[in-house]
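Below, all heavy atoms of this structure are taken into account, side chains as well, without hydrogens, waters or symmetry copies. Counting begins at 1 with the first residue of the sequence. Everything numeric here is computed off the predicted structure, so don't read it as measured data.
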Amino acid sequence: MTGAVCLTFDDLFAGSWHAARPVFDEFGARATFCVCNLHNAKPRQVKKLQALQADGHEIAFHSRTHPKLGPYLRRHGLAHWLEHEIDAGVAEHRALGFPAKSFASPFHAFTEETLAETAKRFAVTRAAGPKNLSEGDIPARLYHAPGPHNAVDCVGFCDFRHSVFPGWDWQERLLDRIAETGGTGVFAGHDIRAPGKGSQFFSTPEDLRRFLGAVVERGVGFRTLGEGGV
């Protein structure tokens, strides 16, 4: 058994992601970049996303404007969310050549109703996040096929510098379990940059290199979210 890691990075850090291409290339890693606010992207950001897609990475969909789901649904309702945050955004992605095959729920928020609707539109929906998992939670989050509504939940982080990152010992235990079971584990992150000003949700290129090296050392592969997360 070998298993696979599904790396997902959220929002619109196109410049940082593009700058990390040599790190991904070094390890033959393909990632999924879950993009929101594409309608506000500058032309240079779109070109960098297109270059990432040409490299074999996936440009997935992360809603149009990244709203908080609960307040949005209470104020506007499900139909409005689907029209304005899902279908309108998907059309913008596809107009720029991004298939929007998979969807990553903003803030890892979802309901049974939203999952049922995204299952009609996407091959895979990334749902629950990896925060506060215990050892006993791991088996249910290593996939051989997506769960109900084509949903997968995250098992680990790619934001290695965030305060909620549980540490490298835990990260390596996750990789060992993936290698042992042959399943796929989904990991969630955001920016890739040097320490300094910017989002607190990030890892450095050196962190990323360390993680990808640990993946390869175990003979574990890489899959994109649109490949089923499995």
Would you say [X]'s side chain and [Y]'s backbone share a donor-acceptor pair under 3.5 angstrom?
X      : Y      : value
Thr111 : Glu113 : yes
His162 : Val164 : yes
Asp191 : Gly198 : no

Under a 4.5 Å side-chain heavy-atom rule over Ile, Leu, Val, Met, Phe, Trp and Tyr, are [X] and [Y] clustered together?
X      : Y      : value
Leu133 : Leu174 : yes
Leu7   : Val220 : yes
Phe61  : Leu12  : no
Phe202 : Leu208 : no
Ile86  : Leu96  : no

Would you confirm whether the ring centroid of [Y] sits within less than 6.0 angstrom of the ring centroid of [X]?
X      : Y      : value
Trp170 : Phe165 : no
His66  : Phe107 : yes
Phe187 : Phe211 : yes

Show, in sequence, the C-alpha distance, side-chain angles and deciding distance for Ser203 and Asp159, and conclude whether the side-chain contact (heavy atoms from CB on, under 4.5 Å) test is met. CA-CA 5 Å; Ser203 67; Asp159 288 330; 5.5 Å; no
Are any non-hydrogen side-chain atoms of [X] and [Y] less than 4.5 angstrom apart?
X      : Y      : result
Arg126 : Ser102 : no
Pro166 : Phe157 : yes
Leu49  : Leu38  : yes
Phe13  : Ile192 : no
Thr204 : Arg161 : yes
Val152 : Thr184 : no
Pro130 : Val155 : no
Pro106 : His62  : yes

Spacing of [atom1] belonging to [X] relative to [atom2] belonging to [Y], to within rounding of 0.5 Å:
X      : Y      : atom1 : atom2 : answer
Asp153 : Leu142 : CG    : CG    : 11.5 Å
Thr114 : Leu73  : OG1   : CG    : 7.0 Å
Ser63  : Leu69  : OG    : CG    : 9.5 Å

For [X] and [Y], work out which heavy atoms get closest and say how close.
X      : Y      : value
Gly226 : Ala123 : O-CB, 4.4 Å
Arg141 : Ala128 : NH2-CB, 3.9 Å
Pro146 : Val124 : CG-CG2, 4.4 Å
Ala100 : Phe122 : O-CD2, 3.3 Å

Residues Glu135, Arg177: salt bridge by 4.0 Å N-O rule: yes
Looking at Asp207 and Arg193, is there a salt bridge between them, counting it only when a charged N and a carboxylate O are closer than 4.0 Å?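 No.
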For a side-chain contact (heavy atoms from CB on, under 4.5 Å) check, start with the C-alpha distance between Val215 and Phe222, then their side-chain angles and the critical distance, and finish with the verdict. CA-CA 9 Å; Val215 173; Phe222 300 96; 3.5 Å; yes
Summary of side-chain hydrogen bond (donor to acceptor under 3.5 Å, both in side chains) pairs that have at least one residue in residues 83-100, sequence neighbours excluded: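 Every pair satisfying side-chain hydrogen bond (donor to acceptor under 3.5 Å, both in side chains) with a residue in residues 83-100: Arg64-Glu92, Thr65-Glu85, His80-His84, Asp87-Arg121.
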Tell me, which pairs form a side-chain hydrogen bond (donor to acceptor under 3.5 Å, both in side chains) where one or both residues lie in residues 29-57, sequence neighbours left out? Arg21-Asp55, Arg30-Glu227, Thr32-Glu58
Going through the distances and angles, do Phe103 and Leu225 end up as a side-chain contact (heavy atoms from CB on, under 4.5 Å)? CA-CA 8 Å; Phe103 173 61; Leu225 194 60; over 6 Å; no
Go through Leu52 and Trp17 one step at a time and tell me if the side-chain contact (heavy atoms from CB on, under 4.5 Å) criterion holds. CA-CA 8 Å; Leu52 287 165; Trp17 298 337; 3.9 Å; yes
Could you pull out all residues at least two apart from Arg210 that satisfy salt bridge (Lys or Arg N to Asp or Glu O under 4.0 Å)?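 None.
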